[in-house]
Protein chains: 2
Amino acid sequence: MNLSPKIENFVLHCGEMGSRWGFNRTIGQMVGLLVINEKPLTANEIADALKISRGNVSMGIKELQSWQLVKVHHIPGDRKEYYSPNGSIWDLANRVFEERRKREIDPTLTLLRDQILDSANSPEEVYAQQQMQSIHDLLETVTKWSAELQRLSPEQLQSLMKLGSSVSKVIDLKDKLLRKS
Amino acid sequence: MNLSPKIENFVLHCGEMGSRWGFNRTIGQMVGLLVINEKPLTANEIADALKISRGNVSMGIKELQSWQLVKVHHIPGDRKEYYSPNGSIWDLANRVFEERRKREIDPTLTLLRDQILDSANSPEEVYAQQQMQSIHDLLETVTKWSAELQRLSPEQLQSLMKLGSSVSKVIDLKDKLLRKS
DNA sequence: TTAAAGTTTCAATAATTACTGAAAGTTTAA
DNA sequence: TTAAACTTTCAGTAATTATTGAAACTTTAA
């Protein structure tokens, strides 16, 4: 497996970004490689292209499956497993986004809900409760909004952007409309 | 500095979430501690409350300043520096969001713009270019949308949510309105 | 000036996280 | 069954990241 410089460049970049996107370097590279290749790849091809051990590929694939980012294919008469991205770029991004919400926001929302139910026993705790309530409200709003946006298709979002509409303009329009009716 | 169990619990949680939010455990705890305390704290108080070294606090504060999350106060006749969160919860979240966009999306957008300008030299590269174009378009859309949403005040967002309006409903309203006029 | 009160830096080390490769496990065809 | 072809696991090790604490630096009051 010999990557062209352009493709290798992209794959290496995905590796560097990997940890920022929620996985590690190797897994970032794997995503890049799978996305940039039209044909599904075997674990050995991945190990070879990225110059990593076979065992590491196996662990990476497992992780990517837990994020629902890869799909397995079988070719009749061939025992190897072939891997490819599970869906369009948009689908992949949505899953990463969703998974990160689960990891980065949900646990805190759970904690805050519990803490807020509990009553404060001192002036410091009264202030602490207020702050926790603010964080809770913020996170709930963000969660709801991200769910709304995820529901839209890329076409809906992009056509909206291309119309030159900002969200605030849309909200203004909505306000006007509601006032009239 | 003795934290009540409830407050300690919150601070420790912030520590555990720290790395998921883009910093490390200690810095997560520092944010939690500063946010939950009404009064600004000195570096020594932070070190004491979190049981970490003074040097570590210094480095953490530096990092938090680079994210623009803390503010320094001085009390007349007192040489110590007092730290507090730089703005409301909403302000802090906005800055984290913005900073993460810079780290997680912008570098990739830059790379993809360059790659897309370059012409493909093989069928594999043609496919690769197409995929890179899709990722580019997706990231641009996400970037523009997040900028739009950040522009709204928490009140605007929340009132909108409370009206029970989903974004798609708002978009539908907008379409109807545009069709009429 | 000086020294006290504070802050920052950074080399050494600790803690965490990722990776390898050999062994164990699984599946399939004969 | 057996063995070939493949995948997974995981103990040991490598690489990376975070933390300490002592020394260097800075600021201010006398």
Side-chain angles (χ1 to χ4, degrees), chain A residues 1 11-12 14-34 40-67 70-84 100 103-104, chain B residues 1 11-12 14-34 40-67 70-84 100 103-104:
Chain A
M1 188 79 164
V11 171
L12 292 179
C14 290
E16 276 150 34
M17 299 305 285
S19 55
R20 300 188 170 177
W21 297 339
F23 0 91
N24 64 31
R25 189 173 63 247
T26 301
I27 293 180
Q29 290 180 351
M30 288 176 60
V31 174
L33 187 66
L34 291 173
L41 300 174
T42 64
N44 279 325
E45 284 172 326
I46 295 170
D48 178 38
L50 303 180
K51 298 176 174 50
I52 57 176
S53 74
R54 186 61 187 71
N56 201 2
V57 174
S58 182
M59 290 188 301
I61 291 286
K62 200 171 143 197
E63 174 79 2
L64 287 177
Q65 278 168 337
S66 86
W67 288 72
V70 289
K71 197 165 55 183
V72 184
H73 305 256
H74 287 100
I75 296 185
D78 183 344
R79 279 157 78 167
K80 293 189 282 302
E81 305 205 304
Y82 288 80
Y83 303 100
S84 71
R100 286 179 61 170
R103 297 172 183 214
E104 297 171 13
Chain B
M1 187 79 165
V11 171
L12 292 178
C14 290
E16 276 150 35
M17 299 304 286
S19 56
R20 302 190 168 175
W21 298 338
F23 0 90
N24 65 32
R25 188 173 64 246
T26 301
I27 293 181
Q29 290 180 352
M30 289 176 59
V31 174
L33 187 65
L34 291 173
L41 301 175
T42 64
N44 279 326
E45 285 171 326
I46 295 170
D48 178 37
L50 304 180
K51 299 177 174 47
I52 58 177
S53 74
R54 186 61 187 70
N56 201 2
V57 173
S58 181
M59 290 188 300
I61 291 287
K62 201 171 143 199
E63 173 78 3
L64 287 177
Q65 277 168 337
S66 85
W67 288 73
V70 289
K71 197 164 55 184
V72 184
H73 305 256
H74 287 99
I75 296 185
D78 183 344
R79 281 157 76 167
K80 292 188 282 303
E81 306 205 304
Y82 287 80
Y83 303 101
S84 70
R100 287 180 60 170
R103 297 172 182 215
E104 297 172 13

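Proteins come first, then strands; the chains are lettered A, B, ... in the order of their sequence lines, and each starts at number 1.
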Report all side-chain donor-acceptor pairs from residues 18-30 of chain A shorter than 3.5 Å, counting only partners two or more places apart or in another chain.
{"from": "A:R20", "atom 1": "NH1", "to": "B:R103", "atom 2": "O", "distance (Å)": "3.1"}
{"from": "A:W21", "atom 1": "NE1", "to": "B:E104", "atom 2": "O", "distance (Å)": "3.0"}
{"from": "A:N24", "atom 1": "OD1", "to": "A:T26", "atom 2": "N", "distance (Å)": "3.2"}
{"from": "A:N24", "atom 1": "OD1", "to": "A:I27", "atom 2": "N", "distance (Å)": "3.0"}

Please report, to 0.1 Å, the donor-acceptor pairs under 3.5 Å made by any side chain of residues 57-67 of chain A, with sequence neighbours excluded.
{"from": "A:E63", "atom 1": "OE2", "to": "A:W67", "atom 2": "NE1", "distance (Å)": "3.0"}
{"from": "A:S66", "atom 1": "OG", "to": "A:E63", "atom 2": "O", "distance (Å)": "2.8"}

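Residue pairs meeting the side chain to side chain donor-acceptor pair (under 3.5 Å) criterion with at least one member in residues 72-81 of chain B, sequence neighbours excluded, are B:H73-B:S84, B:H74-B:E81, B:D78-B:K80, B:D78-B:Y82, B:E81-B:Y83.
Distance, A:I46 CD1 to D:dC6 C1': 14 Å, rounded to whole Å. One can place CZ of B:R20 at 10 Å from P of C:dT17, the figure rounded to the nearest angstrom. Rounded to an integer number of Å, the gap from A:E45 CD to D:dT7 C1' is 16 Å. Atom CD of A:E16 and atom C1' of D:dT16 are 15 Å apart (whole Å). Counting to the nearest Å, the P atom of D:dA18 and the CZ atom of B:F23 are 13 Å from each other. Atoms NE2 (A:H74) and C1' (D:dA5) sit 13 Å apart, rounded to a whole Å. Atom pair B:L50:CG and D:dT19:P shows a separation of 11 Å (rounding to whole Å applied). Between the NZ atom of B:K80 and the P atom of D:dT28 there is a distance of 14 Å, rounded to whole Å.
Toward the 5' end of DNA chain D, the nearer of the two residues A:R25 and A:N44, judged by each one's closest nucleotide, is A:N44.
Taking a pair as Watson-Crick or G-U wobble with both distances under 3.5 Å, DNA chain C forms stems of 3 or more consecutive pairs at C:1-30 with D:1-30.
Contact check, A:K62 against D:dT7: no side-chain N or O comes under 4.0 Å of OP1 or OP2. B:N24 has a side-chain polar atom (N or O) that falls below the 4.0 Å cut-off from OP1 or OP2 of D:dT19.
The listed nucleotides are D:dC6, C:dC19, D:dT8; the one nearest the side chain of A:T26 is C:dC19.
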**Q.** nucleotides 20-30 of chain C: protein proximity per nucleotide (B base, S sugar-phosphate only, - neither; heavy atom, under 4.0 Å)
**A.** BB-----BB--
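Remark: B:N44 pairs with B:R54 by the side-chain hydrogen bond (donor to acceptor under 3.5 Å, both in side chains) rule, at least two apart or across chains.
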